[in-house]
Q: 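I'd like to ask some things about the structure below.
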Amino acid sequence: MCRKVYVDVLIKQDKEGRITPLALTWEDGTVYEIDKVTGVCKAASLKAGGAGIRYTCSIQNKETFLFLENDKWFVESRG
């Protein structure tokens, strides 16, 4: 079973309004740098529920989905 974990996200926004996430802070305070964003699309979180803009990110060589839903960021977490 997955749950939404809301996280703080450090972003870069360019003059055209494009948002690029740079790092996220997990609920225990650990900061994870986002190595690369490989995709951006509108999508639903099929594991945790909700929908928004899904950023496919590489964090420590692992693919992670980061969602922007109604001005709040979340990731899917097991447990």
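Values below: every heavy atom of this structure, side chains too, minus hydrogens, waters and symmetry copies. Note that this is a predicted model, so its numbers are computed, not measured.
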Q: Can you pull out every salt bridge (charged side-chain N to carboxylate O under 4.0 Å, His left out) where at least one residue sits in residues 22-33? Sequence neighbours excluded, please.
A: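 The answer is Arg3-Glu27.
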
Q: Tell me, please, which residues at least two apart from Phe65 pass ring-ring contact (aromatic ring centres under 6.0 Å, His included).
A: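 With neighbours one apart ignored, the set is empty.
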
Q: Anything under 3.5 Å between a donor and an acceptor, one on a side chain of residues 36-46, the other on a protein residue two or more places apart or in another chain? List them.
A:
from: Thr38; atom 1: OG1; to: Thr56; atom 2: O; distance (Å): 3.3
from: Ser45; atom 1: OG; to: Ala48; atom 2: N; distance (Å): 3.1
from: Ser45; atom 1: OG; to: Glu76; atom 2: OE2; distance (Å): 2.6

Q: Does anything in residues 6-20 form a side chain to side chain donor-acceptor pair (under 3.5 Å)? List the pairs, not counting sequence neighbours.
A: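 Every pair satisfying side chain to side chain donor-acceptor pair (under 3.5 Å) with a residue in residues 6-20: Asp14-Arg18, Glu16-Arg18.
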
Q: Under the rule for side-chain contact (heavy atoms from CB on, under 4.5 Å), what residues qualify as partners of Asp71, not counting sequence neighbours?
A: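 Checked Asp71 against side-chain contact (heavy atoms from CB on, under 4.5 Å); zero matches.
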
Q: Who passes side-chain contact (heavy atoms from CB on, under 4.5 Å) against Asn70, sequence neighbours left out?
A: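 Residues passing side-chain contact (heavy atoms from CB on, under 4.5 Å) with Asn70: none at all.
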
Q: If hydrophobic clusters are built from ILVMFWY residues whose side chains come within less than 4.5 Å, do Phe67 and Ile59 share one?
A: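 Each belongs to a different hydrophobic cluster.
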
Q: Can you list every pair that meets ring pair (Phe, Tyr, Trp, His ring centres under 6.0 Å) and has a residue in residues 24-51, with sequence neighbours left out?
A: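 Ring pair (Phe, Tyr, Trp, His ring centres under 6.0 Å) check on residues 24-51 returns no pairs.
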
Q: List for me each residue that meets side-chain contact (heavy atoms from CB on, under 4.5 Å) alongside Val9, sequence neighbours excluded, and say none if there are none.
A: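 If we apply the side-chain contact (heavy atoms from CB on, under 4.5 Å) test to Val9, skipping adjacent residues, the hits are Val7, Ile11, Pro21, Leu24, Leu66, Trp73.
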
Q: Using the side-chain contact (heavy atoms from CB on, under 4.5 Å) criterion, which residues pair with Ala23? Sequence neighbours excluded.
A: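 Partners of Ala23 by the side-chain contact (heavy atoms from CB on, under 4.5 Å) criterion, ordered by chain and then number, come out as Leu10, Val31.
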
